[in-house]
Every structure is written in C-alpha cells, then in structure tokens.
Amino acid sequence: MKPPPSPSSWSEAMGADHDQEDHDLQVALVRYQQWTAQSGERALVILEGRDTAGKDGAIRRITRHLAVRHTRVVALPKPTAQERSQWYFQRYVEHLPAAGELVIFNRSWYNRAGVEVVNHFSTPEEQARFLEDVPAFEAMLIGSGIRMVKLWLDISRDEQAKRLNSRRSDPLKALKISDLDKIAVKEWDGYTTARDTMLTRTSTPLAPWVCVRADHKKPARRAIIQHLLHELAPPSITKDVNKPDPDTLFRFEASAIGDGRLER
C-alpha cells in the first residue's frame, strides 16, 4: 500500500489540477465566443462590488483570450452636465450589445443604488425612482433577447483595507487610487446598507443577483467564469465545465444578508 501523499505533494497536485481547469475554462470561453459569432447571441455582464473587490482582475481573466472585435468592457466616467439632464439609463443604452457581442459593465446603472447613495450624488427621490424602475428596464432588455448576468463581488473589511494599502504602496496601482478610497473605508456601514437594499430590491426571477465571495481572487475568478459559461453557453460547451463552488458563488437570497454569506 502506498503511503498517503504529503501535504506539499497534495498541494502541488491540487495546483496542477486547478491550472488545467483554468486553461480548460479559457478554451471554453473561446468556444463560447465562436458560437456567439455564428448564433448572433447578445450577452451583458454587470459587475458590481465595493472598491477593490476585484472587478478589474475578473474582467481581465474573462477577456484574456477573447476577440476585441466581439468583446467590449464599459467603465463610464462620471456623467456630464448634459448626461445628468437625460433619462438616467440613456447613457448606458448606447453601450448595450449587438449581435455576437459580449459587453461587460465595470460598474453600471447600479451606481445610483450604491456610490450615489453613500456620497449623495443624487437625491433620495432619484434613488427611490431608480429602485422602482430598474426591474422593468432589465425585463425589457431580457425581453429583447439580451442574456444578462449580474454579479456582486463581496469582500471583507480587512481584505479591502489590505488592498487599499497595496494601492498606495505599489506605483503600478497608482491609477487605481481615487478620492473615494477614504470614503470606502469610512462609510463601510453605509455601503453595506446600500448593498443590502440594492440586492433585495433589484434581484428578480428574470435578472437575479449572483454573489461572489471575493476575498480569495483565484477561486472567485474561476467561479465567475464557470457561472458565465453555464448561464450563457450552450450545453455542447458546458457539458464538461464544473459548476461553481457554492461556498464561493451563490444566487442572492434575503437570508444571505444575515447568515454570514455576505460581509457585514
């Protein structure tokens, strides 16, 4: 009988398995995009989360081998005076996917339910109207044939502080530093309340929120790609793709606010 593997050899084996799985997921994403180019499917992915939650890194991992021609990442700056006078959703509509496209919103119209709430960038009346309007707006998009996935990346207070400190000490991350970083720490509880309201009011059967526990980047990114493939790709592509780890990625339900799955 062979002796049990040592902890180090077991860890190395698991690492090799994950490396192979990550490679296979990238291949599946490429196959998915080949399929969309032929089928004309339109896909919209919304990525939300606190500052430093890992949205940029997740997007880089998703788009790593995808064709620029069929993939767009949208990260809009603050609205201009003209845009502030328009229908709130108007500046986002022009970026919606056309046939064969995957569009990823790195923050989206949900700014109105998060950043704008905490920083008073819009009025309480505008925020209330948004929460009333967004389920119907998203239902129209889905009704038009757009496949939509909404992801909330959730991190702990300690992990956020660690990542913010890393930004300040690493010159390669200088472009990520903003005046809102200090507010993100100071207003942790305010952002938590806004998150809870947003998820509760805007997670619908047609457009549910899916939560990702993102303190550990690699498992989070792996789970995100697995989920996107199962939601967007046909069975011929996903038949060998594992389902995401439920301890890492789960569909939002009200009980997650108080049972420890979402950070407080």
(request) Output yes when a side-chain donor or acceptor of Thr123 lies under 3.5 Å from a complementary backbone atom of Glu126, and no otherwise. (result) yes
(message) Is there a side-chain contact between Val149 and His227 in this structure, where contact means two heavy atoms from C-beta onward sitting under 4.5 Å apart?
(response) yes
(request) Indicate yes or no: does Glu138 engage Lys150 in a salt bridge with an N to O separation below 4.0 Å. (result) yes
(message) Using only atom types and a distance under 3.5 Å, with no angle test, would you say the side chain of Arg213 pairs donor to acceptor with the backbone of Leu249?
(response) no
(message) Could you check whether Asn111 and Trp109, counting side-chain N and O atoms only, form a donor-acceptor pair closer than 3.5 Å?
(response) no
(request) Could you tell me whether Arg112 and Asp133 make a salt bridge, using a distance below 4.0 angstrom between a side-chain N and a carboxylate O? (result) no
(message) When you group the ILVMFWY residues by side-chain heavy-atom contacts below 4.5 Å and let the links chain together, are Val74 and Val134 in the same group?
(response) yes
(message) Can you tell me if Arg264 has over 12 outside heavy atoms packed within less than 6.0 Å of its CZ?
(response) yes
(message) Counting C-beta onward and ignoring hydrogens, is there a side-chain heavy-atom pair between Pro219 and Asp245 closer than 4.5 Å?
(response) no
(request) Give the C-alpha distance, both sets of side-chain angles, the deciding distance and a yes or no for side-chain contact (heavy atoms from CB on, under 4.5 Å) between Gln33 and His65. (result) CA-CA 10 Å; Gln33 191 161 68; His65 298 288; over 6 Å; no
(message) Looking at Arg157 and Asp215, is there a salt bridge between them, counting it only when a charged N and a carboxylate O are closer than 4.0 Å?
(response) no
(message) Do Leu229 and Leu29 make a side-chain contact, defined as non-hydrogen atoms from C-beta onward lying under 4.5 Å apart?
(response) yes
(request) Find out if a path of hydrophobic residues (ILVMFWY) with successive side-chain heavy-atom gaps under 4.5 Å connects Leu151 to Leu232. (result) yes
(request) Please answer whether the main-chain N or O of Thr200 pairs with a side-chain N or O of Ser203 as donor and acceptor at a distance below 3.5 Å. (result) no
(request) Examine distances only and state if a side-chain atom of Thr71 and a backbone atom of Ala67 form a donor-acceptor pair shorter than 3.5 Å. (result) yes
(request) Can you measure from OG1 (Thr63) to NE2 (His70) and round to the nearest 0.5 angstrom? (result) 14.5 Å
(message) Taking Val210 as the starting point, is it possible to reach Ile59 by hopping between hydrophobic residues whose side chains are less than 4.5 Å apart?
(response) yes
(request) Would you check if the side chain of Arg42 reaches a backbone N or O of Ala99 as a donor-acceptor pair within less than 3.5 Å? (result) no
(message) Between Glu125 and Arg129, does any side-chain N to carboxylate O distance fall below 4.0 Å?
(response) no
(message) Just so I know, are the side chains of Leu25 and Val241 near enough to count as touching, which here means a heavy-atom distance under 4.5 Å?
(response) yes
(request) Measure centre to centre between the rings of Tyr110 and Phe130, then say whether the value is under 6.0 Å. (result) yes
(request) Say whether, by atom type as modelled, one donor and one acceptor occur between the side chain of Asn119 and the main chain of Phe121 under 3.5 angstrom. (result) no
(request) Establish, from distance only, whether the side-chain atoms of Arg261 and Ser255 form a donor-acceptor pair under 3.5 Å. (result) yes
(request) Using the salt bridge (Lys or Arg N to Asp or Glu O under 4.0 Å) rule, pick out the option among Lys173, Arg167, Arg50 that qualifies with Asp181. (result) Arg167
(message) So that I can tick it off, tell me whether Arg69 and Glu101 are bridged by a salt bridge, with the cut-off set at under 4.0 angstrom between side-chain N and carboxylate O.
(response) no
(request) Decide, yes or no, whether a salt bridge links Glu48 with Arg195 under the criterion of side-chain N to carboxylate O below 4.0 Å. (result) no
(message) Has Ser169 got a side-chain atom pairing as donor or acceptor with Asn165's backbone, closer than 3.5 angstrom?
(response) yes
(message) When you compare the side chain of Thr204 with that of Pro135, does any pair of heavy atoms fall below 4.5 Å?
(response) yes
(message) Tell me if a side-chain donor or acceptor on Arg84 pairs with a main-chain N or O of Pro79 at a distance below 3.5 Å.
(response) yes
(message) I'd like to check Thr238 versus Tyr32 (side-chain heavy atoms, cut-off strictly below 4.5 Å). Are they in contact?
(response) no
(request) For the residue pair Leu141 and Leu96, establish whether any side-chain heavy-atom pair is separated by less than 4.5 Å. (result) yes
(request) Say whether, by atom type as modelled, one donor and one acceptor occur between the side chain of Ser108 and the main chain of Ile46 under 3.5 angstrom. (result) no
(message) I'd like to know if the side chain of Gln127 and the backbone of Ser122 have a donor-acceptor N/O pair within less than 3.5 Å.
(response) yes
(request) Could you label the plane-to-plane angle of the Phe137 and Phe89 rings as parallel, tilted or perpendicular, counting under 30° as parallel and over 60° as perpendicular? (result) parallel
(message) If you define the side chain from C-beta out and look only at heavy atoms, does anything of Gln26 sit under 4.5 Å from Glu21?
(response) no
(message) Quick check on His216: does its NE2 atom have over 12 non-hydrogen neighbours (other residues, nucleotides or ligands) under 6.0 Å away?
(response) no
(message) So, taking the atom named OG1 in Thr36 and the one named CG in Leu66, what distance separates them when rounded to the nearest 0.5 Å?
(response) 8.5 Å
(message) Can you see whether Asp51 engages Gln160 through a side-chain donor-acceptor pair at a distance of less than 3.5 angstrom?
(response) no
